[in-house]
Amino acid sequence: MPAVSKGDGMRGLAVFISDIRNCKSKEAEIKRINKELANIRSKFKGDKALDGYSKKKYVCKLLFIFLLGHDIDFGHMEAVNLLSSNKYTEKQIGYLFISVLVNSNSELIRLINNAIKNDLASRNPTFMCLALHCIANVGSREMGEAFAADIPRILVAGDSMDSVKQSAALCLLRLYKASPDLVPMGEWTARVVHLLNDQHMGVVTAAVSLITCLCKKNPDDFKTCISLAVSRLSRIVSSASTDLQDYTYYFVPAPWLSVKLLRLLQCYPPPEDAAVKGRLVECLETVLNKAQEPPKSKKVQHSNAKNAILFETISLIIHYDSEPNLLVRACNQLGQFLQHRETNLRYLALESMCTLASSEFSHEAVKTHIDTVINALKTERDVSVRQRAADLLYAMCDRSNAKQIVSEMLRYLETADYAIREEIVLKVAILAEKYAVDYSWYVDTILNLIRIAGDYVSEEVWYRVLQIVTNRDDVQGYAAKTVFEALQAPACHENMVKVGGYILGEFGNLIAGDPRSSPPVQFSLLHSKFHLCSVATRALLLSTYIKFINLFPETKATIQGVLRAGSQLRNADVELQQRAVEYLTLSSVASTDVLATVLEEMPPFPERESSILAKLKRKKGPGAGSALDDGRREPSSHDINGGVEPTPSTVSTPSPSADLLGLRAAPPPAAPPAPSGAGNLLVDVFSDGPAAQPSLGPTPEEAFLSELEPTAPESPMALLADPAPAADPGPEDIGPPIPEADELLNKFVCRNNGVLFENQLLQIGVKSEFRQNLGRMYLFYGNKTSVQFQNFSPTVVHPGDLQTQLAVQTKRVASQVDGGAQVQQVLNIECLRDFLTPPLLSVRFRYGGAPQSLTLKLPVTINKFFQPTEMAAQDFFQRWKQLSLPQQEAQKIFKANHPMDAEVTKAKLLGFGSALLDNVDPNPENFVGAGIIQTKALQVGCLLRLEPNAQAQMYRLTLRTSKEPVSRHLCELLAQQF
């Protein structure tokens, strides 16, 4: 582009910008802008015609004012007039103004298009480039319709300058992305391919971007680009850094063009021409060889450019999947990156190895890195890298290492991040099913899964284990024994109760000979969980009870007593009431033979593919095909459930976006069904077709089964991905907190679990865990009466500005709470920045027709987001001195309210969240701690010192943090604990 002469400096614009920058306030700036706008408007409307320089200057001022955020409603016509100027600087400002301010629906578009056509026809390369840039920047459909036919002609014209060709290619790419139907495919498509041989590297780079986009929709029209791309890539790869001096980036020749060429080749299968394929393989080997060479520079730019080409080369090798030697070499190269100090390289290496694991040629090579990957899963600090490590373990799993990988993933699941727990659960369930030859190991694994992460075990998972146990006679006894032992745990997840209820209802007779698991013991164990479960689980347990009457006649009287209880026969839930009435009548009226026929053992389910795979694929998205099913299924008579083999693909390894599963989500099993009347037989809820003897009409069973469809459950992961918070009524809509709210809150400052509130009607329990700036809290609402709560509505309220400081996502709970029942509410919490007041919990319901309400302070205080920090004595005192400003310190001297026990004090300080530092304070009786409060916006370092005086029964507490309000607030919170 031509140089701008000194006379084009536009001193008036420079003075205006200087004035704006010197304004002391927003009002002064607006005043100066309004004055300038009035001056410009008078100049444009004046009788005296403005010369090109003045128009350019005033249009520039308008553009600057617009970029400051002020509306501009005039000057557009003057900018359009600048397009007809023959001076570059004036035309440039005109196009710049139009690109930024002119709307695609503007009335001036026709005038602008005429000016652009004149510049495109002028053959002046500078003016042509300005016009092309304007078309690309505006990119409207109107401009596309006006110039889509002209731009290809300019692109392939023999007399077009290199800069014009480059601009034309990028302009056409922009129009094609905005409106693909406006770009006509014609004879120019064959000619544009030959731009890959152009001498100008900028033209080649722009042409590759255009061809890559076009060939995805019309691959056959651009197939000839393969040989030209390979030829150009070969020349770049084999060249020295001095051969392409203008396009060498930190000793790497043309890295951007190399990456674009490699991506273009990934749009096609391997070259059919042996010579072209041989040359390409040679290029790929050269890139892999160069990766082993010592770096020519220690600059990060050099390693970034070199690794970009390497990873794109590996992607092409994986895409072709036809060169075993290259695949193994790529795997070994990625293995070196697994322990690289750069996190991004470790992430990319794990991601690429996931795809390599699906190739039959490189699968064994990937497996050699299993120990490194397991170590990454345990030690990586970045959650995204840990997720990729879990993906790779899943992808490299086969029969030889399945037990080791499943064991490691289960161990990791106990401390895994919330965001990936459900995905890990699905993967463990799939691997345990896919590679299990020992069915007892499979049952143990799934029950372990429910024990460790019950909230994240979707219904598809436990449906599947029931299906497999029902179909395998050799595992039924072991499953009954194992689940009976699991139910004896004091804290038992509801999913475990569901599995136990079904298995004991079907196969409890297999362990009834042992006095420790006799029929009465089995029933007592299951019924002890009944009042803690949801309605759906209670319905399943009622079906188990009627099965017990058939299996164990000696339990008939006990179970009939339970069914006859008022809490069942008059239950507010229609489903439970109807089951209780019908099961009681069936057990009383039907003869032993009829009862045995109606309640006979469930038949084996039809062999079909697992719906867990389909759920994982839906969760991972359409681009996860190769990661979910690697096509390496080993034919075996022991393959659980007779899983269907995937249809062989037409190519050896599809791209990651291919659908390898072709699965249809199979209807899952449900609870042990029961008849709706004495004349109806059991409905086979697991089968795809109708039951052997269908009922005569709609039954309550069918209504219950509709709740067990695979799409129905709302998993905790779904809650995290798309939260639906309960309505927040706002502080003005609720009453003040109860008088003892502060006292109840203080009980939870140094602990996370316990009873938050209790009266004669309601008990509220809390269980919470926090990590960095995130937390999850479970609230348990127990109805202590025998009367159902109506319109039960607990909501979380953010007083004042708390909404900008703390994000709380809540899960809705049932609006009815039965007498003696308990419901659970999950809260996901994120600390955005430091806060002083806790959120409020408002609970409203109707008891016996009378409205009840109470407001509590939710036990979420700033210290919950403490991260303990270990420090040496020298570091502590250095940091202590740095926080020496008066506003950074808070100190309080107070009398002890509890016995001064050193161990209790230590436990409270640890519960408060800080790390206790030994051998720091000269006085061994004193306590010194350090920690960091983690928020999304910032981190607040905190140091504390607690000096007990046993003789005077006094404490002196000193806290120093980098924020004054935090120091005071933490000091007040902690002082109340002693």
Fill in the blank from the handout: Rounding to 0.5 Å, atoms NE2 (H369) and CG (L356) come to a distance of 9.5 Å
Practice task
Step by step, work out the ring-ring contact (aromatic ring centres under 6.0 Å, His included) result for F337 and F311.
Solution key: CA-CA 11 Å; F337 287 137; F311 276 102; 5.5 Å; yes
Handout entry: L175 to V183 - nearest heavy-atom pair and separation
Key = C-CG2, 4.4 Å
Exercise for the section: Working to the nearest 0.5 Å, report the span between OG of S352 and CG of L334. Expected result: 5.0 Å
Handout entry: Validation row: R388, L393 side chains within 4.5 angstrom (heavy atoms)
Key = no
Practice task
Output the distance between atom OG1 (T205) and atom CG (L170), rounded to the nearest 0.5 Å.
Solution key: 9.5 Å
Problem - Main-chain N/O of S303 paired to N307 side chain as donor or acceptor, under 3.5 Å - result: yes
Practice task
Would you confirm whether H319, through its side chain, and Y268, through its main-chain N or O, come within 3.5 Å as a donor-acceptor pair?
Solution key: yes
Handout entry: Any donor-acceptor N/O pair, S99 side chain to N137 backbone, under 3.5 Å
Key = no
Handout entry: For the student: nearest non-hydrogen atoms of L195 and V204, plus distance
Key = O-CG2, 3.6 Å
Practice task
Examine distances only and state if a side-chain atom of S238 and a backbone atom of S234 form a donor-acceptor pair shorter than 3.5 Å.
Solution key: yes
Handout entry: Any donor-acceptor N or O pair under 3.5 Å, side chains E423, Q387
Key = yes
Problem - Atom CD of E282 with >12 non-hydrogen neighbours under 6.0 angstrom - result: no
Practice task
Could you tell me whether a side-chain N or O of H200 sits under 3.5 Å from a main-chain N or O of V203, the two making a donor and an acceptor?
Solution key: yes
Handout entry: H302 NE2 to F251 CZ distance, which is reported to the nearest 0.5 Å
Key = 8.0 Å
Exercise for the section: Establish, from distance only, whether the side-chain atoms of T212 and K260 form a donor-acceptor pair under 3.5 Å. Expected result: no
Problem - More than 12 heavy atoms from other groups under 6.0 Å of CD on E342 - result: yes
Practice task
Indicate the ring-plane relationship of W256 and Y249, choosing parallel, tilted or perpendicular according to the 30° and 60° boundaries.
Solution key: perpendicular
Practice task
Using modelled atom types only, decide if a donor and an acceptor are shared between the side chain of R346 and the backbone of V385 within a distance under 3.5 Å.
Solution key: no
Problem - Heavy-atom donor-acceptor pair, Y456 side chain to I424 backbone, under 3.5 Å - result: no
Exercise for the section: Ignoring hydrogens and angles, state whether a donor on the side chain of R263 or Q266 is under 3.5 Å from an acceptor on the partner side chain. Expected result: no
Problem - Criterion side chain to side chain contact (heavy atoms under 4.5 Å, CB included) on V428 and L413, from CA distance to verdict - result: CA-CA 10 Å; V428 170; L413 189 59; 5.6 Å; no
Practice task
State whether the number of non-hydrogen atoms from other residues, nucleotides or ligands found under 6.0 Å of K290 atom NZ is greater than 12.
Solution key: yes
Problem - Ring-ring centroid check Y88 Y95, cutoff 6.0 Å - result: no
Exercise for the section: Taking the side chain as every heavy atom from C-beta outward, state whether L280 and E285 have any pair of such atoms under 4.5 Å apart. Expected result: no
Handout entry: Atom pair SG/CG of C331 and L326 - distance to nearest 0.5 Å
Key = 13.0 Å
Handout entry: CA sep, side-chain torsions, deciding dist, call: D398, H363, side chain to side chain contact (heavy atoms under 4.5 Å, CB included)
Key = CA-CA 10 Å; D398 58 20; H363 180 70; 3.3 Å; yes
Practice task
Given salt bridge (Lys or Arg N to Asp or Glu O under 4.0 Å), test R411 with E408 step by step and report yes or no.
Solution key: CA-CA 5 Å; R411 193 173 294 115; E408 292 293 344; 3.1 Å; yes
Exercise for the section: Report yes or no: does S231 contribute a side-chain atom to a donor-acceptor pair with the main-chain N or O of S227 at less than 3.5 Å? Expected result: no
Completion exercise
Here the pair of heavy atoms bringing R421 nearest to T415 is NH2-C, 4.5 Å
Practice task
Taking the side chain as every heavy atom from C-beta outward, state whether L338 and V373 have any atom pair closer than 4.5 Å.
Solution key: yes
Practice task
Could you check if a side-chain atom of L288 sits within less than 4.5 angstrom of a side-chain atom of L310, using non-hydrogen atoms only?
Solution key: yes
Problem - Sub-4.5 Å side-chain heavy-atom contact between M161 and K165 - result: no
Practice task
Assess the side chains of K367 and S400: does a donor N or O sit below 3.5 Å from an acceptor N or O?
Solution key: yes
Handout entry: N/O donor-acceptor pair under 3.5 Å between N197 side chain and H194 backbone
Key = no
Exercise for the section: Might you confirm whether atom CD of Q292 has over 12 heavy atoms from other residues, nucleotides or ligands at distances under 6.0 Å? Expected result: yes
Handout entry: Y247 vs L257, side chain to side chain contact (heavy atoms under 4.5 Å, CB included): CA-CA, chis, key distance, verdict
Key = CA-CA 9 Å; Y247 287 88; L257 179 55; over 6 Å; no
Practice task
Could you tell me whether the side chains of R386 and Y412 share a donor-acceptor contact shorter than 3.5 Å?
Solution key: yes
Practice task
Ignoring hydrogens and angles, tell me if any N or O in the side chain of Y435 forms a donor-acceptor pair with the backbone of C397 under 3.5 Å.
Solution key: yes
Problem - Crowding at NZ, K306 (>12 non-hydrogen neighbours, <6.0 Å) - result: yes
Handout entry: Taking every non-hydrogen atom, the tightest pair across C225 and V193
Key = CA-CG1, 3.6 Å
Handout entry: NZ/NE/NH1/NH2 to OD/OE distance under 4.0 Å, R329 and E323
Key = no
Completion exercise
Rounded to the nearest 0.5 Å, the CG atom of N304 sits from the CD1 atom of I309 at a distance of 11.5 Å
Practice task
Return the minimal non-hydrogen interatomic distance between A207 and A169, and the atom names on each side.
Solution key: N-CB, 4.3 Å
Practice task
Measure the shortest side-chain to side-chain distance between V287 and E312 over non-hydrogen atoms and say whether it is less than 4.5 angstrom.
Solution key: no
Practice task
Check whether any side-chain heavy atom of L261 sits under 4.5 Å from a side-chain heavy atom of L265, and report yes or no.
Solution key: no
Completion exercise
Which of S160, P125, C129 passes side chain to side chain contact (heavy atoms under 4.5 Å, CB included) with S167? It is C129
Handout entry: Closest non-hydrogen atom pair, P269 against Y320
Key = C-CE2, 3.7 Å
Handout entry: Test log, rule side chain to side chain contact (heavy atoms under 4.5 Å, CB included), inputs D221 and L214
Key = CA-CA 9 Å; D221 292 345; L214 294 174; over 6 Å; no
Handout entry: Pairwise side-chain contact, Y394 with I430, heavy-atom cut-off 4.5 Å (strictly under)
Key = yes
Practice task
Please say whether more than 12 non-hydrogen atoms of neighbouring residues, nucleotides or ligands are located less than 6.0 Å from CD in Q199.
Solution key: no
